[in-house]
Undergrad: 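Take this structure first; my questions come after.
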Amino acid sequence: VIDGTANRILSAVTAGSRPYALCLNPQNNKVYCANYGSRSVTVIDGAIDSVIATVAVGDSPCALCYNPRGNRVYCANCGNNSLTVIDAATDSILATVTVGSKPCALCYNSANNRVYAANEGRDPQYDHTVSVIDGATNGVIATVTTGYGPLALCYNQQDNKVYSANYLSNSVSVIDGATSTVLANVDVGQYPRALCYYSQNNKIYCANIWSDSVSVIDGTSNSVLATVSVGAWPFVLCYDVHNNKVYCANEGSNDVSVID
């Protein structure tokens with residue numbers, strides 16, 4: 001746990017085996033940690049940084065997202081093709097939803113109260129899809145075909161679009177949040193691995209591992225505006241709303257590129 005002002009470590013919280021993903025529940029001030037190696041989600045009290053619950057989920061939990069409208073947390077279980085829906089008030093399981101092959105990323109569409117699961121399935125016989133889940137009923141309402149290896153998702157609230165980075169197709173699929181149809185497939189660099197949305201300028205950033213670059217996509221026109229060279233193996237992106245910058249963690253060069 002790091003102090004956001006002083007940039008120093010405040011404490012360490014023991015979670016399950018191979019903690020893999022985190023998400024925040026701001027309504028109840030809780031942090032959820034998906035433990036890939038122990039089929040569980042650790043629930044941490046955000047006020048005192050202590051574990052208050054452990055929720056059993058499916059095999060190989062690898063992604064989380066929060067639905068503020070229903071106060072629910074969704075956990076993607078990559079090992080058994082399912083999502084676990086957790087009541088964020090009680091930390092109990094509401095439902096288990098069957099999705100496509102190897103769900104590995106999640107995002108939430110606030111305009112239509114929908115959750116999206118990227119089904120990575122890398123081999124040709126797998127479906128390479130994004131499952132669309134109704135945030136009220138927890139039912140799958142659509143399955144969207146994307147490029148091969150959808151590995152990351154992000155949501156553009158300005159245009160109500162969802163973006164899927166397709167690792168094996170070197171593309172980003174643009175999905176209409178209202179109709180769950182593909183609006184465009186945008187060519188990017190080699191092996192796109194991560195996405196983030198830049199709300200101030202309505203841009204989407206895509207980290208391309210094998211190209212050592214970040215593609216900048218216009219949220220309105222769905223076209224590539226620029227390609228930014230970064231460090232080796234760019235792996236994770238995040239947007240700093242206060243300073244209007246994008247940060248790119250480069251696994252291969254052990255550094256972070258800062259994009260204005």
Undergrad: Check the hydrophobic clustering (I, L, V, M, F, W, Y; side-chain heavy atoms under 4.5 Å; chains of links allowed) and say if L106 and I133 are grouped together.
TA: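 Yes, it is one cluster - the side chains of L106 and I133 are joined through contacts under 4.5 Å.
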
Undergrad: Is any side-chain heavy atom of S50 less than 4.5 Å from a side-chain heavy atom of I44?
TA: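 They are not in side-chain contact.
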
Undergrad: Does either side chain, that of S169 or that of S171, offer a donor lying less than 3.5 Å from an acceptor on the other one?
TA: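 Judged by distance alone, the side chains do not pair up.
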
Undergrad: Exactly one of T146, L195, D187 should register a side chain to side chain contact (heavy atoms under 4.5 Å, CB included) with V172. Which one does?
TA: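 The passing option is L195.
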
Undergrad: Check the side chains of N202 and T220 for a donor-acceptor pair under 3.5 angstrom, ignoring hydrogens and angles.
TA: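 A donor-acceptor contact under 3.5 Å links the two side chains.
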
Undergrad: Under a 4.5 Å cut-off applied to non-hydrogen side-chain atoms, are I9 and S11 in contact?
TA: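 A side-chain contact under 4.5 Å is absent here.
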
Undergrad: State, with a plain yes or no, whether a side-chain heavy atom of T227 is found less than 4.5 Å away from one of V214.
TA: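 SC-SC contact between T227 and V214 ruled out.
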
Undergrad: Please check this pair: side chain of S211 against backbone of Q190, looking for a donor-acceptor N/O pair closer than 3.5 Å.
TA: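 At least one qualifying donor-acceptor pair exists.
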
Undergrad: I'd like to check T143 versus V99 (side-chain heavy atoms, cut-off strictly below 4.5 Å). Are they in contact?
TA: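 In short, these two side chains do not touch, never coming nearer than 4.5 Å.
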
Undergrad: Ignoring hydrogens and geometry, is there a side-chain-to-backbone donor-acceptor pair from N250 to W233 under 3.5 Å?
TA: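 Not a single qualifying donor-acceptor pair exists.
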
Undergrad: Under a 3.5 Å distance rule, please check whether N77 uses its side chain to pair with a backbone N or O of G79 as donor and acceptor.
TA: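 Not a single qualifying donor-acceptor pair exists.
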
Undergrad: Tell me, do S173 and N166 make a side-chain contact under 4.5 Å, heavy atoms counted?
TA: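 Of all side-chain heavy-atom pairs linking N166 with S173, at least one is under 4.5 Å.
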
Undergrad: Tell me whether S253 contacts the main-chain N or O of A232 through its side chain, where contact means a donor paired with an acceptor under 3.5 Å.
TA: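 Here the side-chain-to-backbone pair exists.
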
Undergrad: Looking only at atom types and distance, does a side-chain atom of T137 sit under 3.5 Å from a main-chain N or O of G139, one as donor and one as acceptor?
TA: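 At least one qualifying donor-acceptor pair exists.
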
Undergrad: Checking the side chain of H128 only, and the main-chain atoms of G147 only, is there a donor and an acceptor separated by less than 3.5 Å?
TA: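 It does not hold such a pair.
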
Undergrad: In terms of side-chain heavy atoms, does N208 have a donor or acceptor partner in Y191 at a distance below 3.5 Å?
TA: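 Absent: no donor and acceptor within the cut-off.
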
Undergrad: Hey, are the side chains of V97 and V85 touching, using non-hydrogen atoms and a 4.5 Å cut-off?
TA: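 Sidechains of V85 and V97: in contact.
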
Undergrad: Picking from Y163, Y197, Y198, what satisfies ring-ring contact (aromatic ring centres under 6.0 Å, His included) with Y205?
TA: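 Considering Y163, Y197, Y198, a ring-ring contact (aromatic ring centres under 6.0 Å, His included) with Y205 is found only for Y198.
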
Undergrad: Is the shortest side-chain heavy-atom distance between D212 and P234 below 4.5 Å?
TA: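 They are in contact (side-chain heavy atoms under 4.5 Å apart), so the answer is yes.
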
Undergrad: Taking R18 for its side chain and S38 for its backbone only, find out whether a donor-acceptor pair lies under 3.5 Å.
TA: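 Answer holds: no.
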
Undergrad: Can you check whether Y167 and Y148 have ring centres sitting under 6.0 Å from each other?
TA: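 No, they do not, as the ring centres are separated by 6.0 Å or more.
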
Undergrad: Between Y74 and N67, do the side chains contain an N or O donor and an N or O acceptor separated by less than 3.5 Å?
TA: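 Yes, a side-chain donor-acceptor pair sits under 3.5 Å.
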
Undergrad: Between D176 and N160, does any side-chain donor sit less than 3.5 Å from a side-chain acceptor?
TA: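 There is no such pair between these side chains.
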
Undergrad: State whether the side chain of D87 and the backbone N or O of A89 hold a donor-acceptor pair below 3.5 Å, judged by distance alone.
TA: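 The answer is yes, because a donor-acceptor pair under 3.5 Å joins these two groups.
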
Undergrad: Does any part of the side chain of V174, heavy atoms only, come nearer than 4.5 Å to the side chain of N185, both counted from C-beta?
TA: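 No, every pair of side-chain atoms sits at 4.5 Å or beyond.
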
Undergrad: Between R114 and Y108 (side chain of the first, backbone of the second, donor and acceptor by atom type, cut-off under 3.5 Å), is there such a pair?
TA: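 No, R114 side chain to Y108 backbone: no donor-acceptor pair under 3.5 Å.
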
Undergrad: Using 0.5 Å steps for rounding, measure from the CG atom of L225 to the CG atom of N201.
TA: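 Here the rounded value is 10.0 Å.
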
Undergrad: Pairs in or reaching into residues 21-35: which pass side chain to side chain donor-acceptor pair (under 3.5 Å), with residues at least two apart or in two chains?
TA: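 Non-adjacent pairs meeting side chain to side chain donor-acceptor pair (under 3.5 Å): N25-N28, N25-Y66, N28-N71, K30-D91, Y32-D91, N35-S40, N35-T42.
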
Undergrad: Excluding sequence neighbours, so at least two apart, what forms side chain to side chain donor-acceptor pair (under 3.5 Å) with D59?
TA: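 If we apply the side chain to side chain donor-acceptor pair (under 3.5 Å) test to D59, skipping adjacent residues, the hits are R39.
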
